[in-house]
K.L.:
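Sending over a structure as C-alpha cells; questions will come in a sec.
When a residue number appears, it is its place in the shown sequence, counting from 1. No experiment lies behind these values; they were computed from the predicted model shown.
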Amino acid sequence: MRILMRVAYDGTAYSGWQLQPNAATIEGELNKALFDLTGEEIQVIGASRTDAGVHSLGNICVFDSDTQIPAEKICYALNTRLPEDIRVTQSREVDIDFHPRHIDSEKTYEYRIWNDRFPSPVLSRYSHFSYRRIDIDKMREAAELLVGEHDFGAFCSTGSQAETTVRTIYRLDVVEEYYKDYKVDVSDDEKEDELDGFGRMIKIRVTGSGFLYNMVRIIAGTLLDIGTGLLEVSDMEKALSTHNREDAGPTAPACGLTMIGIRYK
C-alpha cells in the first residue's frame with residue numbers, strides 16, 4: 001500500500017529535506033525510523049525539498065510498504081522513533097499511483113521578520129531579525145506586483161534545474177503582528193514615538209502553484225529591502241521585467257521560512 005504522511009519539523013539542525021551523504025536530513029531520519037518500524041528499506045518521496053534550516057508545519061511525503069500496521073496508526077508508531085524536532089502529524093492510505101509532486105497543488109510558505117531594536121533569543125530560530133524601520137505599506141505595494149503568472153527568473157538562485165522559471169502566485173499577503181505586552185509602558189510621547197513600529201512580527205505569506213530554488217527567500221529579501229528603503233517598489237517591477245537575478249534583492253536567511261502546508265486540487 002502507499003501511505004501519505006504530513007510532516008512537521010524544526011529544520012535548524014538539518015541539511016534540508018533531501019537525502020545527502022554524511023549529513024542529517026529530514027528524509028534520512030524518516031527513512032531510518034520507517035526501517036526501525038517495518039524492517040523494510042523505504043525511501044520516502046517528498047512534495048517539497050526544503051533547504052537547510054527551513055521549517056515545516058505540513059510538508060507531504062509518501063512511501064510504499066507491506067506493513068500490517070493500519071495506515072492511520074503509523075504516525076503514532078513512527079513518532080516514538082523520530083527525533084523530537086520531527087513529527088508526523090497525519091498518516092493515511094492513498095491510491096498507489098498518487099505522487100506528491102505530480103498532482104496540481106497549492107503550496108503555502110510564510111517568511112517571518114522580527115522587527116525590533118534587538119534580536120529575541122526566543123524568536124530567533126523561527127524568524128529573521130531586522131533592527132531597521134520598515135515601511136510595511138511599501139512592502140505590500142511591491143508584493144501586489146508579484147501576484148499572477150510571471151517569469152520569476154530574477155527570484156531563482158543559480159543551480160536550479162527547473163525547465164521553466166514561469167510560476168503562478170495566487171496570494172501574497174504582508175501582515176504585521178504587534179506584541180503589545182512586550183513593550184515597557186512609557187508616558188513620554190517622545191519616547192512612545194521612538195518605540196513606534198518596533199516589537200512586531202512581519203509575516204510574508206505566499207501561496208502558489210510551485211516555487212523555484214530559493215524563490216520565497218529571495219522574494220522576502222527583496223520585500224524587506226524595499227521596506228527599509230534599500231530598494232524602491234520600481235525595483236520589483238524591474239526584476240520582473242528583466243528576469244535578472246542581480247536586479248532582485250538578497251536571499252533572506254533560511255531560519256525565517258516555514259512551509260505552512262500543501263493543498264491538493
Side-chain angles (χ1 to χ4, degrees), residues 16 47-56 101 103-115 127-130 132-176 197 200-263 265:
S48 181
R49 297 167 180 168
T50 52
D51 297 333
V54 174
H55 317 294
S56 171
R101 295 199 298 272
I103 299 176
D104 287 342
S105 64
E106 291 185 359
K107 296 180 180 179
T108 299
Y109 285 85
E110 183 174 274
Y111 197 89
R112 295 159 59 94
I113 301 165
W114 176 243
N115 187 209
S127 61
H128 170 49
F129 167 69
S130 177
R132 297 176 180 272
R133 289 193 177 274
I134 298 174
D135 187 333
I136 197 168
D137 291 329
K138 282 190 175 181
M139 292 179 70
R140 288 169 176 159
E141 183 182 350
E144 289 179 6
L145 299 172
L146 300 177
V147 178
E149 183 180 272
H150 302 282
D151 186 330
F152 286 97
F155 301 88
C156 178
S157 291
T158 57
S160 172
Q161 298 177 351
E163 295 180 1
T164 175
T165 52
V166 174
R167 294 292 186 272
T168 301
I169 289 181
Y170 302 121
R171 293 179 298 278
L172 206 174
D173 299 313
V174 183
V175 300
E176 57 185 341
R200 61 175 172 171
M201 187 70 76
I202 296 174
K203 302 177 182 179
I204 301 168
R205 181 171 286 213
V206 55
T207 298
S209 59
F211 298 95
L212 299 164
Y213 181 40
N214 283 340
M215 178 174 162
V216 178
R217 289 168 58 191
I218 295 171
I219 287 174
T222 306
L223 289 175
L224 179 57
D225 273 10
I226 290 171
T228 57
L230 297 176
L231 291 174
E232 299 296 331
V233 175
S234 59
D235 290 314
M236 185 70 84
E237 295 176 301
K238 180 180 179 182
L240 282 173
S241 63
T242 65
H243 318 142
N244 188 336
R245 176 66 187 93
E246 295 180 358
D247 290 330
T251 304
C255 62
L257 184 60
T258 298
M259 165 178 261
I260 302 300
I262 302 172
R263 186 175 72 84
K265 297 182 180 179

K.L.:
Would you name the heavy atoms of Arg245 and Thr251 that are closest together and state the gap between them?
P.N.:
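The pair with the smallest heavy-atom distance is NH2-OG1, 3.2 Å.
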K.L.:
Throw together a table of side-chain donor-acceptor distances under 3.5 angstrom for residues 141-155, partners on residues two or more places apart or in other chains.
P.N.:
{"from": "His150", "atom 1": "NE2", "to": "Leu145", "atom 2": "O", "distance (Å)": "3.2"}
{"from": "His150", "atom 1": "NE2", "to": "Val147", "atom 2": "O", "distance (Å)": "3.1"}
{"from": "Asp151", "atom 1": "OD1", "to": "Gly153", "atom 2": "N", "distance (Å)": "2.9"}
{"from": "Asp151", "atom 1": "OD1", "to": "Thr165", "atom 2": "OG1", "distance (Å)": "2.6"}

K.L.:
Looking only at heavy atoms, what is the nearest atom pair of Gly249 and Ile218, with distance?
P.N.:
O-CG2, 3.9 Å
K.L.:
Determine, for Asp235 against Lys238, whether the closest basic-nitrogen to carboxylate-oxygen distance falls under 4.0 angstrom.
P.N.:
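No.
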K.L.:
Evaluate the criterion side-chain contact (heavy atoms from CB on, under 4.5 Å) for residue pair Arg49 and Arg101; output intermediate values, then yes/no.
P.N.:
CA-CA 10 Å; Arg49 297 167 180 168; Arg101 295 199 298 272; 2.9 Å; yes
K.L.:
Evaluate side-chain contact (heavy atoms from CB on, under 4.5 Å) for Val216 paired with Lys107, printing each intermediate quantity in order.
P.N.:
CA-CA 11 Å; Val216 178; Lys107 296 180 180 179; over 6 Å; no
K.L.:
So which atom in Ser130 and which in Asn115 form the shortest heavy-atom distance, rounded to 0.1 Å?
P.N.:
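Where Ser130 meets Asn115 most closely, the heavy atoms are O-ND2, 2.9 Å.
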K.L.:
Answer yes or no: is there a side-chain heavy-atom contact under 4.5 Å between Val206 and Phe211?
P.N.:
yes
K.L.:
Just how far is it from atom OH of Tyr109 to atom CZ of Arg217, taken to the nearest 0.5 Å?
P.N.:
11.5 Å
K.L.:
Got Ile134 and Glu176 here, is their nearest side-chain heavy-atom distance under 4.5 Å?
P.N.:
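No, too far: nothing below the 4.5 Å cut-off.
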K.L.:
Report yes if some heavy atom in the side chain of Pro253 is under 4.5 Å from a heavy atom in the side chain of Tyr111; otherwise report no.
P.N.:
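Counting from C-beta outward, Pro253 and Tyr111 do come under 4.5 Å.
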K.L.:
My understanding is that only residues two or more places apart in sequence, or in another chain, count here; which of them pass side-chain contact (heavy atoms from CB on, under 4.5 Å) with Ser127?
P.N.:
Arg112, Trp114, Leu123, Met201
K.L.:
At what distance, to the nearest 0.5 angstrom, does CE of Met139 lie from CG of Asp173?
P.N.:
12.0 Å
K.L.:
State, yes or no, whether a side-chain contact exists between Val54 and Met259 at a heavy-atom distance under 4.5 Å.
P.N.:
no
K.L.:
Looking at every non-hydrogen atom in both residues, tell me the closest pair between Val174 and Arg140 and how far apart they are.
P.N.:
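Where Val174 meets Arg140 most closely, the heavy atoms are O-NE, 2.8 Å.
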K.L.:
How long is the gap from CD1 on Ile226 to CG on Asp137, to the nearest 0.5 Å?
P.N.:
13.0 Å
K.L.:
What's the spacing between Leu224 CG and Ile204 CD1 if we round to 0.5 Å?
P.N.:
7.0 Å
K.L.:
Within the distance-only criterion (no hydrogens, no angle test), does the side chain of His128 pair as donor or acceptor with the backbone N or O of Cys255 below 3.5 angstrom?
P.N.:
no
K.L.:
Look up atom CZ in Arg133 and atom OG1 in Thr228, then write down how far apart they are to the nearest 0.5 Å.
P.N.:
13.0 Å
K.L.:
Over all heavy atoms of both residues, which pair between Asp225 and Pro250 is shortest? Give the atoms and the distance, please.
P.N.:
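Closest approach of Asp225 to Pro250: OD2-CD, 3.1 Å.
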K.L.:
Evaluate Asp51 against Leu257 for side-chain contact (heavy atoms from CB on, under 4.5 Å), listing each step before the verdict.
P.N.:
CA-CA 10 Å; Asp51 297 333; Leu257 184 60; over 6 Å; no
K.L.:
A side-chain contact here means heavy atoms from C-beta on lying under 4.5 Å apart; do Leu223 and Met236 qualify?
P.N.:
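A side-chain contact under 4.5 Å exists here.
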K.L.:
Check whether any side-chain heavy atom of Val175 lies under 4.5 Å from a side-chain heavy atom of Arg205, and answer yes or no.
P.N.:
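The answer is no, as the side chains (C-beta and beyond) never meet within the 4.5 Å cut-off.
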K.L.:
What's the spacing between Glu110 CD and Thr207 OG1 if we round to 0.5 Å?
P.N.:
10.0 Å
